[in-house]
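This report refers to the structure that appears directly beneath it.
Quick note on labels: first sequence line is chain A, next is B, and so on, each numbered from 1.
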Amino acid sequence: MATGASFFITTPIFYVNDVPHIGHGYTEVAADVLARWHRQRGDDTFLLTGTDEHGQKILRTATEHGVTPKEWADRLVEDAWHPLLRTLDIANDDFIRTTQPRHEAGVRRFVQDLYDKGYIYPGEFEGYYCVGCEEYKQESDLVEGTGEFAGQRVCAIHSKPVELLKERNYFFKLSEFTQPLLDLYERQPDFIRPDSARNEVVQFVRQGLTDLSISRSSFDWGIKLPWDPAHVLYVWVDALMNYATAVGYGDAAAAFARRWPPQMHLVGKDILRFHAVIWPALLMAAGLPLPEHVFGHGWLLVGGEKMSKSKLTGIAPTQITDVFGSDAFRYYFMRAISFGHDGSFSWEDIAARYEAELANGFGNLASRVLAMIVKYFDGTVPEAGDVTPADRVVLDLVGQAPAAADARFLDFDINGGTAEIWRLVDVLNGYITEQEPWAVAKTGDIARLGTILNTAWRGIGALAVLLSPIIPKACATLWSVLGEGDVRDVTITAADRWTERARPVVHTIAPLFPRVDASEVPATPVPRHQA
RNA sequence: GGCUGGGUAGCUCAGUUGGUGAGAGCGCACGACUCAUAAUCGUGAGGUCGAGGGUUCGAAUCCCUCCCCAGCUACCA
């Protein structure tokens, strides 16, 4: 495999200080499903994720814990972020850390290049600095002071006056890219997806961009500027560069040429601006090809509001996988949320879909088909005889589903593609109930019975292939009784021809999605202020 | 305040460029069946498509005004 077109997809790198929640998990799963789909259709696929480890906040928390920032990051990567990927069955091809030499070297080369080309210049950064917070504040972070500070602008957190400080910084000429970016959005309307995200960005850029301060000299936990080691690079520029350094920017020309540019940067809409404005501007300045798409997905809503730790609605991925398993996590968020829109999460909803769709729908379908082949044919898959119109409907759907789903996934329509495949689950359950193979068995019409079960068997095999990117564990289990080898090696766009790898004899298996006791399902948290 | 998106059956949501009596899943009621994880299949009840105007032969779908909800309003990520 891997002889087809390049499909390089990225997720944001995790800020190591964060605590993993289902929002991180959602992004990773979506990227992983798309990557697995492309990989299984033969594309030269590369899924990248990693961690963002520089910056003042990490330096500060590391110091508070009495360790070096690198030790702090090492600990979090091992304890939090690698486990997140394992928990959700993410098959990433690489995991880059911004503290790795390959990254730091590439970043230095990149900024030196921009400096040499005249896109970076020294300037004065002026801002309101809060001594308590030890950082600069935006106008919007300030409030009117009260009491002894009445009439002054004070920090919203410390309620003390801020100081107007000037710092000598290096700036990137972002302002020069206002028009080139608008041209880009115009020329390539699907550069930013979905349209709602694009509208946000276009409106923002139309107001005009100001140059971006890209260095700091007040702390040193970051990548030093090659021409002025007193400054470290602004963490966002540092972080964005991971997409390039991970695939060999400035170091491995052949590898870089193979992967670059990315087909898709998948990000949450909170960081869309960095990816759809600053990042393409940096790439334009460097003369590098731009990514094909930046996709801003929606929020996970709990109780009607963006999930939030401070409102006590934050949920850890393991809370869900401990109860329902990783496949259910993956399926639920891919199926229930219109990709690109915000989506509501509730325990009641995931429990209902788990039972109705995974357990009663797909899992039970596999059970009943295998059970009947075992019961009526001792497990030997029967040949199909004369095909009736009812059989034809099923067989046609099996034949059409791969292309129909493929079209959706190529358009990043994950929930649409999943729904397309799921039609087969529903049709097969209906087909079996209507054909009543158990009644046919009593009549002694073995030929007809064989045709029915052969048809159903073709269907569940196709499902094992098609659903593999979404629910890999269950599909691997099902495939182990149906076919030879690894299901991921069956070309997904030819899933209807899976029978070329079929095993002649099947056996029954434990339920793919065993029922979950309602008492194990937690109550959905309510946003704090609503409680 | 400005910007973006949303307000459609009890719940979660679809509804292409306006056109047969407004849809799906879940939930609920009734019925069929027994291969299967007490699973499956069928039928049915249920909606002033946020409010009010307007354009049109005809609008959930276009225009205007308003109400409500969420998010964003850049150098912490």
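At the heavy-atom level, Gly363(A) lies under 4.0 Å from base atoms of the strands shown. At a threshold of 4.0 angstrom between heavy atoms, the contacts of Ser213(A) include nucleobase atoms, whether or not backbone atoms are also involved. Across all strands shown, Thr210(A) has heavy atoms under 4.0 Å from base atoms, whether or not it also approaches the sugar-phosphate.
Pair assignment for C26(B) gives G10(B), based on Watson-Crick or G-U wobble hydrogen-bonding distances that are each under 3.5 Å. Pair assignment for A70(B) gives U4(B), based on Watson-Crick or G-U wobble hydrogen-bonding distances that are each under 3.5 Å. Across the strands present, G18(B) finds no partner; the criterion is a Watson-Crick or G-U wobble pair with both atom distances under 3.5 angstrom. In this structure, G52(B) forms a base pair with C64(B), meeting either the Watson-Crick or the G-U wobble geometry with both donor-acceptor distances under 3.5 Å.
The phosphate of U40(B) has OP1 or OP2 within less than 4.0 Å of a side-chain N or O from Asn360(A). Between Arg515(A) and A39(B), a side-chain N or O to OP1/OP2 separation shorter than 4.0 Å is present. When the side-chain nitrogen and oxygen atoms of Asn429(A) are compared with OP1 and OP2 of A39(B), none of them lie within a distance under 4.0 Å.
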For nucleotides 22-34 of chain B, 5' to 3', base contacts (B), sugar-phosphate-only contacts (S) and non-contacts (-) with protein non-hydrogen atoms under 4.0 Å give ---S-------SS
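Here the separation of C72(B) from U16(B), taken at their C1' atoms, is 29 Å to the nearest Å. C67(B) and G25(B): their C1' atoms are spaced 31 Å apart (whole Å). Distance noted for atom C1' between C33(B) and U43(B): 15 Å (whole Å). Comparing the C1' positions of A74(B) and U12(B) gives a spacing of 34 Å, expressed to the nearest Å. For the P atoms, the distance linking U56(B) with C66(B) amounts to 23 Å, nearest Å. The separation of G47(B) from A22(B), taken at their P atoms, amounts to 12 Å, rounded to a whole angstrom. The P atoms of U61(B) and U20(B) are separated by 14 Å, rounded to the nearest whole Å. Taking atom P in both A59(B) and G53(B), one finds a spacing of 13 Å when rounded to whole Å.
Of the candidate nucleotides C75(B), U4(B), C35(B), U4(B) has the atom lying nearest to any side-chain atom of Glu200(A). The Ser367(A) side chain lies nearest to A36(B) when the options are C72(B), A36(B), C41(B). Counting only heavy atoms from C-beta on, Phe204(A) has its side chain closest to A74(B) among A74(B), A36(B), C75(B). With distances taken from any side-chain atom of Met372(A) to the nucleotides C76(B), U12(B), C35(B), the minimum falls on C35(B). Closest to the His341(A) side chain, of the nucleotides C35(B), A14(B), U73(B), is A14(B). Of the listed nucleotides (C35(B), C76(B), U37(B)), C35(B) has the atom at the smallest distance from the side chain of Ala371(A). Across U37(B), A14(B), C41(B), the shortest atom-to-atom separation from the side chain of Ser338(A) is found for A14(B).
Rounded to whole Å, atom P of A70(B) lies 20 Å from atom CZ of Phe345(A). Taking atom CG of residue Leu272(A) and atom P of nucleotide U4(B), one finds them 15 Å apart after rounding to whole Å. In this structure, Leu174(A) places its CG atom 9 Å from C1' of A74(B), rounding to the nearest Å. In this structure, CD of Gln207(A) is placed 12 Å from P of U73(B), rounded to the nearest angstrom. Spacing between atom CG of Leu301(A) and atom C1' of G5(B) amounts to 12 Å, rounded to whole angstrom units. Atom NZ in Lys269(A) sits about 12 Å away from atom P in U73(B), given to the nearest Å. Per the geometry, CD1 belonging to Ile271(A) stands 13 Å off C1' belonging to C76(B), to the nearest Å. A70(B) atom P lies 15 Å from atom CH2 of Trp299(A), rounded to whole Å.
Comparing Gly55(A) and Leu358(A) by the nucleotide of RNA chain B that holds the closest heavy atom to each, the one mapping nearer the 5' end is Leu358(A). Between Ala197(A) and Asp52(A), it is Ala197(A) whose nearest contact on RNA chain B lies nearer the 5' terminus.
Under a 4.0 Å N-O distance rule, the pair Lys269(A)/Asp342(A) qualifies as a salt bridge. A salt bridge does not link Arg458(A) to Asp391(A): none of the charged side-chain nitrogens sits closer than 4.0 Å to a carboxylate oxygen.
Remark: Arg168(A) engages Asp228(A) in a salt bridge (Lys or Arg N to Asp or Glu O under 4.0 Å) (not counting sequence neighbours). Ser326(A) meets the side-chain contact (heavy atoms from CB on, under 4.5 Å) test with Asp89(A), Thr321(A), Lys473(A); sequence neighbours excluded.
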Working note: His24(A) + Trp81(A), criterion side chain to side chain donor-acceptor pair (under 3.5 Å); need CA distance, chi angles, decisive distance, verdict. CA-CA 10 Å; His24(A) 295 109; Trp81(A) 300 106; over 6 Å; no
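Under a 3.5 Å cut-off, the side chain of Asp411(A) and the backbone N or O of Asp413(A) do not form any donor-acceptor pair. Under a 3.5 Å cut-off, the side chain of His21(A) and the backbone N or O of Gly23(A) do form a donor-acceptor pair.
Judged by distance alone, with hydrogens and angles left aside, Asn364(A) brings a side-chain donor or acceptor within reach of the base of A36(B), the pair sitting under 3.5 Å. Donor-acceptor pairing under 3.5 Å, judged by distance alone, is absent between the side chain of Lys375(A) and the base of C35(B).
A ring-centre distance under 6.0 Å is not found for Tyr26(A) and Trp299(A).
For the pair Arg273(A) and Phe204(A), the distance from NZ or CZ to the six-membered ring centre is under 6.0 Å and the angle to the ring normal is within 45 degrees.
Ring-plane geometry between His265(A) and Tyr243(A) is classed as tilted, the angle between the planes lying from 30 to 60 degrees on a 0 to 90 degree scale.
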